[in-house]
> 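Following this message is one structure expressed as structure tokens.
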Protein chains: 2
Amino acid sequence: MNISDVAERSGVPPKTIRYYEEIGFIKPDRRPNGYRDFDETDLHKLAFIGRARSLGFTIEDCRTLLELYNDKTRASADVKRVARHNLQEIDAKIADLQTMRATLSHLIDQCAGDDRPDCPILDNLEQAPIRR
Amino acid sequence: MNISDVAERSGVPPKTIRYYEEIGFIKPDRRPNGYRDFDETDLHKLAFIGRARSLGFTIEDCRTLLELYNDKTRASADVKRVARHNLQEIDAKIADLQTMRATLSHLIDQCAGDDRPDCPILDNLEQAPIRR
DNA sequence: CCTTGACCTTCCAGTTGCTGGAACCCTTAT
DNA sequence: ATAAGGGTTCCAGCAACTGGAAGGTCAAGG
């Protein structure tokens, strides 16, 4: 299979596939003309990584998951642990954004939004940043 | 004021302050020995940018906000517009993360998390990625 | 006067996860 | 023969810093 076929079928763009080869996720064969030749296993792996990425797993998470995926004797508990960790990170990001949202939304409500120059948003931004 | 003083008082690390100078946010004086010499205005601007960043404004947003901040005749409506746009982006990110969270959380619930190798999480990851 | 340590400086590289573009080769159809 | 549409490599760049190396400066202590 050529790269554009596997891109279409896996949903991962060619550029990204080359990148995933570069970082060692897949090792497709090469034809005599230098073209990459993908098999069904490559296809599965790419779809797997693509889906994991779209669920917010980092590249390093994917590396771990891919090992577990390749190891047919792994315990589901190991996978669950990685997934739980990812879920925690997602929750932390959501909480962070919701805090931001509350503050900003409050500021927007306070601002008249007219032609006058006085603006509570700018006034508030003069405070020290929120440390994290 | 030296860089570490202004870093402490503004809450923005020295490295980041140098970076902000590089991209033109501030233009502190220089002493004969080459050290940067910050005044109160620099301090205010740095705190302003730091706080805006912590509220999810991008660097480009900050550039716009800084102009509005410097322009004492600006209309508060202009500031409000930038802030509203930022709020929309934050909402979009939250929605995205919540979708991820729901899918992942569902998968985790489905997974026994024991010593056996069968795992609904891995099975599901084999599906095509979520396109966006 | 010398040393020590805490500052400060610049510059280069790395982070994350790709993405765009240039320059070039290969294949297939007309 | 040629043109379109594959494929290849390599280099650069995005955001927004952050770390580290190599070196200059300053104030205090022995």
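A note on names: the letters A, B, ... follow the listed sequences, proteins ahead of strands, and every chain is numbered from 1. None of these values were measured; they are calculated from a predicted model.
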> Say you draw a straight line from CG of B/Leu87 to OG of A/Ser105; how long is it, rounded to the nearest 0.5 Å?
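Separation between the atoms: 6.0 Å.
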> Nearest to the A/Pro13 side chain among C/dT19, C/dC26, C/dT9, which nucleotide is it?
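Out of C/dT19, C/dC26, C/dT9, the nucleotide with an atom closest to A/Pro13's side chain is C/dT19.
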> Can you check the B/Arg53 CZ to D/dA15 P distance for me, whole Å?
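To the nearest whole Å, that distance equals 11 Å.
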> If each of B/Asp37 and A/Asn33 is mapped to the nucleotide of DNA chain C with the nearest heavy atom, which maps nearer the 5' terminus, i.e. the 5' end?
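Nearest-nucleotide comparison on DNA chain C picks B/Asp37.
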> Check whether any side-chain nitrogen or oxygen of B/Ser4 sits under 4.0 Å from OP1 or OP2 of C/dC8, and answer yes or no.
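Affirmative; the distance criterion is met.
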> How many Å lie between CG on A/Asp29 and C1' on D/dG7, as a whole number?
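Rounded to the whole Å, the gap is 16 Å.
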> Quick check: on DNA chain D, is the nucleotide nearest B/Tyr20 upstream (toward 5') of the one nearest B/Lys15, or the reverse? Name the residue that is more 5'.
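Mapping each residue to its closest nucleotide by heavy atoms, the 5'-most match is B/Tyr20.
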> Considering heavy-atom distances to DNA chain D, does B/Thr16 or A/Gly34 have its closest nucleotide positioned more toward the 5' end?
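Mapping each residue to its closest nucleotide by heavy atoms, the 5'-most match is A/Gly34.
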> Under a 4.0 Å N-O cut-off, is there an ion pair linking B/Arg18 with B/Glu21?
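No salt bridge links B/Arg18 with B/Glu21.
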> Would B/Lys27 pass as a cation-pi partner of B/Phe25, given that its NZ or CZ must be under 6.0 Å from the six-membered ring centre and within 45 degrees of the axis?
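No - B/Lys27 does not lie over the ring of B/Phe25 by the 6.0 Å and 45° rule.
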> Using a heavy-atom cut-off of 4.0 Å across all strands, would you classify B/Arg31 as base, sugar-phosphate, or nothing?
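Since no nucleic acid heavy atom lies under 4.0 Å of B/Arg31, the category is nothing.
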> Checking all strands, does B/Ile3 fall into the base, sugar-phosphate, or nothing category for heavy-atom contacts under 4.0 angstrom?
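If one applies the 4.0 Å heavy-atom cut-off, B/Ile3 turns out to touch the sugar-phosphate alone, with no base involved.
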> Measure CD/B/Glu21 against C1'/C/dT9 and give the value in whole Å, please.
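Value for this atom pair: 11 Å.
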> What is the distance, rounded to the nearest whole Å, between atom CD of B/Glu60 and atom P of D/dC17?
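The distance from CD of B/Glu60 to P of D/dC17 comes to 12 Å, rounded to the nearest Å.
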> Within less than 4.0 Å of OP1 or OP2 of C/dT10, is there a side-chain N or O belonging to B/Arg30?
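Looking at the OP1 and OP2 atoms of C/dT10, one of them is under 4.0 Å from a side-chain N or O of B/Arg30.
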> Report the distance from atom CG of A/Leu46 to atom P of C/dC18, rounded to the nearest whole Å.
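Interatomic distance, CG of A/Leu46 to P of C/dC18: 12 Å.
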> Does the side chain of B/Arg36 get closer than 4.0 angstrom to OP1 or OP2 of C/dT10 through an N or O atom?
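Yes, within the criterion.
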> Nearest 0.5 Å, what's the CZ-CG distance between A/Arg51 and A/Leu65?
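Taking CZ in A/Arg51 and CG in A/Leu65, the distance rounds to 12.5 Å.
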> Looking at every strand, decide which applies to A/Arg18 at a 4.0 Å heavy-atom threshold: base, sugar-phosphate, or nothing.
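A/Arg18: base contact, heavy atoms under 4.0 Å.
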> So that I can tick it off, tell me whether B/Asp42 and B/Lys45 are bridged by a salt bridge, with the cut-off set at under 4.0 angstrom between side-chain N and carboxylate O.
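Looking at B/Lys45 and B/Asp42, the cut-off is not met.
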> Can you check the A/Phe38 CZ to D/dT8 C1' distance for me, whole Å?
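Distance, rounded to whole Å: 12 Å.
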> Rounded to the nearest Å, what distance is computed from the CZ atom of residue A/Phe57 to the C1' atom of nucleotide C/dT16?
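Result: 17 Å.
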> What is the distance, rounded to the nearest whole Å, between atom OH of B/Tyr35 and atom P of C/dA6?
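Going from OH in B/Tyr35 over to P in C/dA6 covers 14 Å.
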